[in-house]
There are 2 protein chains.
Amino acid sequence: MNPEGKSERMRHSAAHVMAQAVQLLFPEAKFSIGPAIENGFYYDFDLPRPLIPEDLTTIEHKMKEIINANLPFVREEMSKEAARHLFAAQPYKLELIDELPDATVTIYRQGSFTDLCRGPHVASTGEIKAFKLTHMAGAYWRGDEKKPMLQRIYGVAFDSQVELEDYLSRQAEAAKRDHRKLGKELDLFSIHEEIGPGLICWHPKGALIRQIIEDFWRAEHIKRDYSIVYTPHIAKLDLWKTSGHWDFYRDYLYSPMEVEGQQYIIKPMNCLGHILIFKSRLRSYRDLPLRYAELGTVYRYERTGVLYGLARVRGFTQDDAHIFCRPDQLEEEVIGVVKLAQFMMSTFGFTDYEVLLSTRPEKYAGTIQMWQQATESLKHVLQKLELSYKLDPGEGVFYGPKIDIKLKDALGHAWQGPTIQVDFNLPERFNVCYIGDDGLEHNVIMIHRTVLGSMERFLACLTEHYGGAFPVWLSPVQAIIIPIADRHIDYARQIGSELKQESIRTEVDDRSERMNLKIREAQLQKIPYMLIVGDKEVASSGVSLRLRDGEDVGLEALSQVKVRIKTAIQAKS
Amino acid sequence: MNPEGKSERMRHSAAHVMAQAVQLLFPEAKFSIGPAIENGFYYDFDLPRPLIPEDLTTIEHKMKEIINANLPFVREEMSKEAARHLFAAQPYKLELIDELPDATVTIYRQGSFTDLCRGPHVASTGEIKAFKLTHMAGAYWRGDEKKPMLQRIYGVAFDSQVELEDYLSRQAEAAKRDHRKLGKELDLFSIHEEIGPGLICWHPKGALIRQIIEDFWRAEHIKRDYSIVYTPHIAKLDLWKTSGHWDFYRDYLYSPMEVEGQQYIIKPMNCLGHILIFKSRLRSYRDLPLRYAELGTVYRYERTGVLYGLARVRGFTQDDAHIFCRPDQLEEEVIGVVKLAQFMMSTFGFTDYEVLLSTRPEKYAGTIQMWQQATESLKHVLQKLELSYKLDPGEGVFYGPKIDIKLKDALGHAWQGPTIQVDFNLPERFNVCYIGDDGLEHNVIMIHRTVLGSMERFLACLTEHYGGAFPVWLSPVQAIIIPIADRHIDYARQIGSELKQESIRTEVDDRSERMNLKIREAQLQKIPYMLIVGDKEVASSGVSLRLRDGEDVGLEALSQVKVRIKTAIQAKS
């Protein structure tokens, strides 16, 4: 954000207008600071009473009057001494004045309001075209919990009403789709203070979605000649020293634990186990490539402050694989991975994505020459596949460059998705070799890759992409039968077991509640098919079908409904 | 083992006979000790040169002469002083004499040999009916690595030749079936010093078997209204203090690791995550029972010395589940679990098993009354199911009594299998409640259970039970096509892809090796179906079928082979 930019100037001015409105409404108010932020502004006030939501409406009204009056913003320079007189009743301003380095300070005035401010501002309040106060929050003066708690009011401001409305509706949609909110409503997962931050408990419905994804993932990998393996979650610290993780990655590692005088750490990556499996036999050039895949749960330290639902966690299950190949196989293997990633993304409904090529970071292992060679290979593959990409300088892993793919969800938000990393370094450190057709030992090249990223982040991304209305094949409950009255329960159960026999995940809502409530709840649960049964449906051996988007399909034969649902499952749509 | 027992006396006497033979062959030999052990005996010698395997045959011959001479064992008491003279050339014996508390010692003589010995012995060497020297090993004097390394010879001895032969053939069979040996030969798993003892890397073929078992396990659980969940591998130490694990189970816990000033441990059990999922919503009596199942990998400290292949490890994946139920549902739920366990055991080919009821251990949580109530419930269930059981006093878990089922494998060896534990204690500690039909809160009862035990131990048990010849549905490779000459490779590949299309796991052995070698290798790999193709088979569009037990089925149409294999897979036989 450029504070001198046009929108930022306008947003900063809006903060002053809000302060003026507050001063008019609360003459005793003390003012601290009020900057522009992304899309808007805030101001922190010390007020004689706590604000209530209705106050925001009153302040908004007052702000509109000030804007309509089109008051000019007037800049003025004065000595610190004069400023101290001017702000004599404003202790926070006095504290700020004392800290300013120069002998003179600047103030801005509009109408009755004067603020200590470096500026710049728009010419007059009329330039604030569209704004809205969004919410309030407590905020310590200077962010210090030992200092007074102030009341912060947040607002957003745009150059036109259309932009404002567009922003607000996108925000509302994003809030509705927030995977943390939907995760609770749809009973998908939970995070418990007792277990620890960033550690996920997958509830039955979330776990079911994960299970379906994992089964599909495994089947597609086996088709492509990957082998599934399992490796332990802990390993001796020394192994991570040999690998370089201890040197290059220590900030993300958990502290060691001790067993019989040996130090172990919980694994941050799955690669080392795969390397040891590879090395457990002599491998010939004819055996390559070998592709080991593991749904491997890894643990990495992330500060509590950056943790975010399922999207940023401390323990996550990577859909990981390591390909051990000869140099002459590298490009073909990378192409195979990119194609698999594309297949996965399109299956899960992501058609829009961005490709990044990340190069050598500041802390790296291996030689510059290795890095260049690997980076060139990746570039060559992307060119071959005619994929446009951006360079992401310095964002490679310590052992090699990588291709990252970011998925765009339905709201245009980008999510870290597949990653493909070339590694010349670990094979050297661990002497990972094959016997060439020349009878000599050669180092393999390793490819580290995921095609979904992690099960946690991918579920977050899927949830927000679909707003919780998962494609039918992923929906924890695919159909719900809603009997209108108690006398229809038997028929409902009979239909329920018929659908279950077709492997359709079905529930019967046989509670003694009103039909409309049951429908509303089923809709909130985003259940794709609601089968309502009453006298008419029993008589005709059919059901009245409603879809979760509200569409009322009407009476349909059960056989037809079965075909409809099974077709949707099959199509993964 | 009772040292006064008849067989033990005979085995101890055999040790003396061996010592006499060694003295005759190596007059400079120094003798340490030679006790009876299970099924046999050993003796530790200090010899002028390292023994070679041929020495065992020579010693055996000499022993037979001594036995045929039927020399009497003669007991004699003497003063320590006299004994010191007698064993003046035997430094180990002198050391032993010095440590004996009494003024007199006993010696035993047979023929030319005299040993310091408390006895008792058989009357004469002729009572040793059947023996065999089995192997040698180094052994430090007094087990102390700072003392001299002696040469230990092991033997077995029985009261009849038939018993000896029976024992030896069972031993040979057990050695052939040893899962550690087969695990390597069949490339199922490995354990790496670099990762740590007791931590398993599952190789592609072992992981494939595990995956099939896990998929089957999950499907059978979903059929029985279990829900799959996933929970993290680490949790705050405080949680394990609340649960009582820290107090009652600390010896098995890994040392804590620290993150942001909080201590975490790697989980030894899956129960706590399941409890928190249960507690994440209000539960009504109508919601119960809830059954949460997880293939949860747990870590427990076991001393290096007791670790054993896959059978005793430090990290293992339990096929775990926790049932949360009302008191009136307890017995029905336990019955359901026992029946599921029986179904699983019979599916995997275990028809012989033993049921144990384990009661309150020394260190326990909860009240005696709770323990009695829970133990009575388990007894009642076992009676209802007409299952005979043994009591295993004091072997319950700290939170409650349990039913353990031990599987008997094909050689009669017993393996820890399913376990069912009733828990009134954790629900109290964690206030795990449901709202009863009286509108009040009541504690649930928890059942902790596995039906296979752990994936690691179960694979060990399966491997030894089947001697690596897994049932077809579990075989990593189900069929191998062996072309007789290079000109049959195309046909072999064509058949291979036909079988793969039928979801039969198939390999084509297209190496330029002799057919007999390929067949031998396939047999060693215990591949159920070998499809040999040559001119005759190509001409008749068939294959020559061989089974892994050596049976030569002969020419069969491919369609027939497909049906045969698919029938075997379906039947899980």
Side-chain angles (χ1 to χ4, degrees), chain A residues 184 187 189-190 192-208 210-211 215 218 222 227-236 238-239 242 254-260 262 264-266 272-274 276-277 279-281 290 292 294 297 299 301 303-304 314-315 317 455, chain B residues 184 187 189-190 192-208 210-211 215 218 222 227-236 238-239 242 254-260 262 264-266 272-274 276-277 279-281 290 292 294 297 299 301 303-304 314-315 317 455:
Chain A
K184 199 166 279 181
D187 202 8
F189 73 97
S190 59
H192 299 267
E193 194 45 43
E194 299 97 311
I195 291 179
L199 300 169
I200 308 301
C201 287
W202 293 72
H203 291 205
K205 286 180 181 168
L208 180 57
R210 172 169 166 178
Q211 193 63 54
D215 287 346
R218 263 191 295 261
I222 288 168
S227 300
I228 308 293
V229 299
Y230 301 83
T231 61
H233 298 91
I234 61 173
K236 284 186 186 166
D238 283 345
L239 190 65
T242 308
Y254 278 65
S255 75
M257 53 193 136
E258 206 175 290
V259 177
E260 283 183 356
Q262 280 284 346
Y264 289 77
I265 59 167
I266 193 155
L272 304 193
H274 298 191
L276 291 176
I277 294 177
K279 287 188 66 179
S280 69
R281 316 219 135 190
L290 277 177
Y292 295 154
E294 178 171 17
T297 308
Y299 291 83
Y301 170 61
R303 279 174 303 115
T304 314
R314 285 188 178 163
T317 300
M455 301 315 293
Chain B
K184 199 166 279 181
D187 202 9
F189 74 96
S190 59
H192 300 267
E193 194 45 43
E194 300 96 309
I195 292 180
L199 300 170
I200 308 301
C201 286
W202 293 71
H203 291 204
K205 285 180 181 166
L208 181 56
R210 172 169 166 177
Q211 193 63 53
D215 286 346
R218 261 190 297 260
I222 288 168
S227 300
I228 308 293
V229 298
Y230 300 83
T231 61
H233 298 91
I234 60 172
K236 284 185 187 167
D238 282 345
L239 190 65
T242 307
Y254 278 64
S255 75
M257 52 192 136
E258 206 174 291
V259 177
E260 285 184 355
Q262 279 284 346
Y264 289 77
I265 58 168
I266 193 157
L272 304 194
H274 298 190
L276 291 177
I277 294 176
K279 287 186 69 177
S280 70
R281 316 218 135 190
L290 278 177
Y292 295 155
E294 178 171 16
T297 308
Y299 290 82
Y301 169 62
R303 280 174 303 114
T304 315
R314 286 189 178 163
T317 299
M455 301 315 295

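A note on names: the letters A, B, ... follow the listed sequences, proteins ahead of strands, and every chain is numbered from 1.
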Region of [X] that comes under 4.5 Å of a non-hydrogen atom in chain A:
{"X": "B/T242", "value": "neither"}
{"X": "B/V229", "value": "both"}
{"X": "B/H192", "value": "side chain"}
{"X": "B/Q211", "value": "both"}
{"X": "B/E193", "value": "both"}
{"X": "B/Y299", "value": "side chain"}

Interatomic distance, [X] atom [atom1] to [Y] atom [atom2] [nearest 0.5 angstrom]:
{"X": "A/E294", "Y": "B/C201", "atom1": "CD", "atom2": "SG", "value": "8.5 Å"}
{"X": "B/H233", "Y": "A/I266", "atom1": "NE2", "atom2": "CD1", "value": "7.5 Å"}
{"X": "B/M257", "Y": "A/I265", "atom1": "CE", "atom2": "CD1", "value": "10.0 Å"}
{"X": "A/I277", "Y": "B/H203", "atom1": "CD1", "atom2": "NE2", "value": "5.0 Å"}
{"X": "A/Y264", "Y": "B/I195", "atom1": "OH", "atom2": "CD1", "value": "10.0 Å"}

Heavy-atom distances under 4.5 Å only: say whether [X] touches chain B with side chain, backbone, both or neither.
{"X": "A/Y292", "value": "side chain"}
{"X": "A/T297", "value": "side chain"}
{"X": "A/Y301", "value": "side chain"}
{"X": "A/Q262", "value": "neither"}

>> Counting heavy-atom pairs closer than 4.5 Å to chain A, which one of B/T231, B/L208, B/D238, B/I228 comes out on top?
In response: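 Result: the option with the highest number of such pairs is B/I228.
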
>> Do the side chains of B/E260 and A/R303 get close enough for a salt bridge, i.e. N-O under 4.0 angstrom?
In response: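 A/R303 and B/E260: not salt-bridged.
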
> Does the pair B/V259 and A/R314 meet the rule for a side-chain contact (heavy atoms from CB on, under 4.5 Å), with working shown?
Replying inline: CA-CA 11 Å; B/V259 177; A/R314 285 188 178 163; 3.6 Å; yes

